[in-house]
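Here the structure is a predicted model, which means the values were calculated and not measured.
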Amino acid sequence: MRKSIKKAMSLTLTAVMALSLAACSGGSSSGSGSSSGGGAPAAGETTAAGSSSGSEAPAASSGEKVELKFSWWGGDSRHEATEKAVAAFMAKYPNITVTTEYGAWSGWEEKQALNIMGGNAADVMQVNWNWIESYSGNGTNFANLEEHSDVLDLTQFPSESLELCKADGKLMAVPVALTGRLFYWNKTTFDEIGVAMPTDEASLFAAGEAFKAFNEDYYPLALGEYDRMIFLVYYLESVYGKPWVQDNQIQYTEEEIVSGLEFIKKMEDGHVIPTLAVLNGDMADSLDKNAKWIDGKYAGILEWDSSASKFEQAIKESTNKPNQEFVIGEFIKFGDYDGGFTKISMGLSVAATSKHPKEAAMLINFLLNDPEGVEICSTERGIPCSAAAVSVLNEKNLGNALVKEANAKVLGFSKFPLDSKFEHNDLKANPDGVYYKVFGKFSSGDSDAAKAAADLVKGINECMGN
């Protein structure tokens with residue numbers, strides 16, 4: 001599955017980039033976004049299976065009473081939209097009852113991993129791309145969705161994206177969207193302090209000085225442990241022009257990694273980012289729920305385009321400082337290369353233990369392909385991979401304009417691949433993952449850059465089996 005991952009991801013990015021750019025045009029251009037790169041027909045055309053794209057999936061043939069459970073993580077806006085979509089699905093198929101389980105990301109993977117391994121997984125699960133490798137049991141823990149293509153229109157998705165969601169030749173998930181990280185700023189705070197939003201190293205540190213002079217509690221950027229790992233890769237790729245990992249091997253020397261870690265320490269010292277002790281002392285489950293973000297004291301993030309809306313909503317609905325302006329920033333220039341990576345943001349899977357996999361596949365089809373479900377969910381999970389969904393969003397001029405703009409921007413900029421182990425729970429779990437341990441000790445001064453680099457390399461190599 002992973003041997004041709006770099007080539008496949010490149011093809012996928014090309015296909016979905018076209019869809020994303022079409023979506024960005026809203027209803028003002030003639031682009032329909034109907035070409036998926038995987039042979040998907042435009043909305044309303046007949047598919048090879050004889051169904052029309054975006055058409056209603058057939059009801060359960062027996063009409064029996066069916067109960068499903070659906071689990072996902074996200075922010076409040078995603079929860080609200082998905083609950084509404086589930087209600088619409090049940091109204092369309094009265095014989096199917098869906099119960100929901102959702103929450104914030106913190107601790108979510110650990111909980112769901114136990115459910116998957118214990119045979120207690122929800123019928124329909126929102127999954128991270130790396131879960132396919134980590135938890136599918138090489139194709140045994142999730143249902144093969146190709147077996148339910150009579151109710152789940154797979155022709156709407158680029159074939160290259162589907163290939164990236166397979167294990168042992170079986171389709172373990174349907175890709176929801178492609179995503180990448182980019183910088184966002186609270187323009188209201190930057191305007192209040194009177195300093196430019198960063199575009200390069202000099203302006204980044206100038207912002208740190210200005211924020212410190214304004215108020216010691218204010219910072220232009222906030223990065224948690226995992227954010228720092230992503231920033232480190234972005235910085236190194238920008239400077240050296242090499243992918244972080246290729247063919248299961250780290251492409252950077254420890255000396256090069258030390259240079260990236262020292263830059264992060266320089267950002268702490270320059271009041272660009274708070275230390276992890278300060279950040280964790282805020283006692284927030286996630287940054288979008290952190291009072292300092294909500295009230296504009298932390299004025300920048302490096303975040304997935306598919307998650308941007310919850311950060312925007314948080315500052316607009318701030319009680320103390322309502323209607324702050326949230327904007328997409330430029331990719332900060334650190335070298336001669338365009339750093340950063342893109343990935344399949346998430347997928348929807350059916351548990352192998354589900355008693356009703358067909359109806360579970362129908363729910364996925366409703367959320368990702370059906371015009372009613374697409375209209376409700378809009379861009380809460382990013383710009384869709386589904387050609388039918390993009391067509392609906394374009395036709396009705398739907399979706400968060402900021403998410404559309406961000407998705408097009410990141411797909412047009414970040415070209416490096418993401419290795420399949422980057423998000424492995426052994427690395428990114430809080431608090432015991434390698435990233436959390438390494439960056440926690442480094443920020444607190446319990447290790448220097450050389451020790452942190454060595455520990456990072458050792459932990460990653462152990463995870464990759466090297």
[X] and [Y]: side chain donor to acceptor below 3.5 Å:
{"X": "Gln313", "Y": "Asp288", "value": "no"}
{"X": "Asp285", "Y": "Ser106", "value": "no"}
{"X": "Arg181", "Y": "Ser414", "value": "no"}
{"X": "Ser259", "Y": "Tyr240", "value": "yes"}
{"X": "Asp191", "Y": "Thr188", "value": "no"}

Ring centers of Tyr337, Phe416 separated by less than 6.0 Å: no
Tyr435 ring center within less than 6.0 Å of Phe422 ring center: yes
Would [X] and [Y] pass as an ion pair if we require N to O under 4.0 Å?
{"X": "Glu380", "Y": "Lys84", "result": "no"}
{"X": "Glu330", "Y": "Lys409", "result": "yes"}
{"X": "Glu109", "Y": "Lys428", "result": "no"}

Heavy-atom side-chain proximity of Val403 to Ser306 below 4.5 angstrom: no
Side chain to side chain donor-acceptor pair (under 3.5 Å) involving Asn466 - partner list, sequence neighbours excluded: Asn248, Asn461
His79 and its ring-ring contact (aromatic ring centres under 6.0 Å, His included) partner, picked from Phe70, Tyr102, Trp73: Tyr102
Result of checking Phe326, Trp293, Tyr184 against Phe311 for ring-ring contact (aromatic ring centres under 6.0 Å, His included): Trp293
Any donor-acceptor N/O pair, Asn128 side chain to Asn130 backbone, under 3.5 Å: no
Under 3.5 Å: donor-acceptor pair, side chain of His271, backbone of Tyr218: yes
Verdict with supporting geometry, Asn400 and Thr379, side chain to side chain donor-acceptor pair (under 3.5 Å): CA-CA 6 Å; Asn400 186 304; Thr379 53; 5.5 Å; no
Side chain to side chain contact (heavy atoms under 4.5 Å, CB included), paired with Ser443, selected from Ile273, Thr275, Val278: Thr275
Aromatic ring pairing Phe190/Trp185, orientation class (parallel under 30°, perpendicular over 60°, tilted between): perpendicular
Derivation and outcome, ring pair (Phe, Tyr, Trp, His ring centres under 6.0 Å), residues Phe183 and Tyr234: CA-CA 11 Å; Phe183 295 94; Tyr234 172 81; 5.6 Å; yes
